[in-house]
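Sequence positions, counted from 1, serve as the residue numbers for this chain.
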Amino acid sequence: MASDNDTRSGSTTSAPPGELGLEASLADLGRAIHAVAHTSLLPRLIDAVLRHPPETFTARWLVAAGALDAAVRLLIPVVVTTVAGAWADAPLWSWAIVDLYLTADYVISTATHPRQPPIMEDFLALSRTLEQEADVRRLNRLTRRWLRLPVRVALSILLAAPILAMSMIADPRGLTSIHVGSAAMAAAVLYEFSEIVFFQFIATTRLLRSEARYSHRLSWLSPADTPGIPRMLHAWGTLAVLGGGAVVFYMLPVILLVAPGTAAFLVGLVAAMTLSGYLVTIASYVSVRSSVRAIVRHHKQRTLERLQHRIDGFGPRMDELTPPESQRLQGLMATYAAVRDAPLMPRSSEAGSHALAALAVPGIGFFLAVLAEVYAERLLTQLVP
């Protein structure tokens, strides 16, 4: 196996040594992150059946993909209901509405979003300041290892299990109070929701925590204000808000499927989904800030060490300095103080406000769900003797 130095020496003379290999590794890392949309179980299945999506989506391909998506998702309650022999009271309309709701989202998001979303380019802005190609390759291997389909499926199931367990604690008989097909379909929706939660946690926590150990090319006077850092934080904020919206988005079909059961089970399930969104957002926010601060602190320390070394060079002959040398020393000391006092986070960071928005969205969804359940019970009590 070729060493890192061997890889870098293979660059052409049209670019600085190692620069071409670094750009290629960065592009490869970007492709690994962008491919996450198709490490989800259902899109991967659709791609496999239709022999990979085209570069530009055609109406014919989208119709075929949408039909396959709807068929596979609807197959879950149909098979479970058939095995249980419970077709007499099957809520077919609920299944159809949920199926069309999720299929429409898949088709619209596939048709309107490119294979490499701009938000992911911004999210990788900090990674593009890495100094060493070997570090980029390490991140690439880490990303591909954690986003492999078997790993993602297993961990998404593990994340969905506590959500279902919390609702069962709220009402142990809640799962049996709804139709068996609806229970199976709700479990599938929770799995899809957990895939979103899993990616948000891995991409914004595990990846950045690993990246924080490596050296970056940052602005030497105020490294926190390097353009890549605010870009990454802004992209993280957007992803966090979208993640909060995903909680509400998946909450709606779950409510439709579970609502015929007990109120305690429904409230417990919706509360568990909201709590999972809260925990991931908070953990991600703390981790992102910690990672950025570690990267900036490391860069500041290296800069301060170089400045201190230059300042120490004047020490043996401090009393013999010429006016130009004395002026140069004062400039170095002023620069040292400026770097030392530079902030560890960008002055115009919006991460905090985005985190609050990401927390508010599922909270509002939970409040509305509980409110709707309360009023639905009151209305039903008045209508039914």
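- Residue Leu344 is grouped with residue Leu233 when hydrophobic side chains (ILVMFWY) are merged at heavy-atom distances under 4.5 angstrom, including chains of intermediate members.
- The nearest pair of heavy atoms linking Arg145 to Val151 is O-CG2, 3.7 Å.
- Between the side chain of Glu211 and the backbone N or O of Ser127 there is at least one donor-acceptor pair closer than 3.5 Å.
- In this structure, Tyr106 and Glu192 have side chains that are not in contact, with every pair of non-hydrogen atoms separated by 4.5 Å or more.
- Counting non-hydrogen atoms of neighbouring residues, nucleotides and ligands closer than 6.0 angstrom, the CZ atom of Arg302 exceeds 12 such neighbours.
- Side-chain heavy atoms closer than 4.5 Å link hydrophobic residues (I, L, V, M, F, W, Y) into clusters, and following such links, possibly through other members, connects Phe249 to Phe193.
- With contacts defined as side-chain heavy-atom distances shorter than 4.5 Å, the pair Met168/Phe265 qualifies.
- In this structure, His298 and Ser215 have side chains that are in contact, with non-hydrogen atoms separated by less than 4.5 Å.
- You'll find the side chain of Met345 reaches within 4.5 Å of the side chain of Arg293, heavy atoms only.
- Arg73 and Leu42 make their closest contact through NH2-CD2, 3.3 Å (heavy atoms, listed as atom of the first residue, atom of the second, distance).
- Here the side chains of Arg289 and Val292 are not in contact, with every heavy-atom distance at 4.5 Å or above.
- For CD of Gln327, the number of neighbouring non-hydrogen atoms (other residues, nucleotides, ligands) closer than 6.0 Å is 12 at most.
- For the pair Pro77 and Gly181, the tightest heavy-atom approach, listed with the atom from each and the gap, is CB-O, 3.4 Å.
- With contacts defined as side-chain heavy-atom distances shorter than 4.5 Å, the pair Tyr336/Gln308 qualifies.
- Side-chain atoms of Thr226 never come within 3.5 Å of backbone atoms of Leu218 as a donor-acceptor pair (strictly under, hydrogens ignored).
- There is a path of hydrophobic side-chain contacts, each under 4.5 Å, that joins Tyr101 to Leu257.
- Dense packing is recorded around CZ of Arg306, with more than 12 heavy atoms of other residues, nucleotides or ligands lying under 6.0 Å away.
- A donor-acceptor contact shorter than 3.5 Å is absent between the side chain of Thr81 and the backbone of Val78.
- In this structure, Ile163 is a member of the same hydrophobic cluster as Leu158, with clusters built from ILVMFWY side-chain heavy atoms closer than 4.5 Å.
- The closest side-chain heavy-atom distance from Thr274 to Val270 is below 4.5 Å.
- Arg217 places a side-chain N or O within 3.5 Å of a backbone atom of Leu130 that can act as its donor or acceptor partner.
- Within the 3.5 Å criterion, the main-chain N or O of Met273 finds a donor-acceptor partner in the side chain of Ser276.
- In this structure, Val189 and Tyr250 approach most closely via the heavy-atom pair CG1-CD2, 3.8 Å.
- In this structure the side chain of Ile295 never reaches within 4.5 angstrom of the side chain of Thr129, judged on heavy atoms.
- The hydrophobic clustering, which links ILVMFWY residues whose side-chain heavy atoms are closer than 4.5 Å, places Val180 and Val254 apart.
- Between the side chain of Ser290 and the backbone N or O of Val286, no donor-acceptor pair lies under 3.5 Å.
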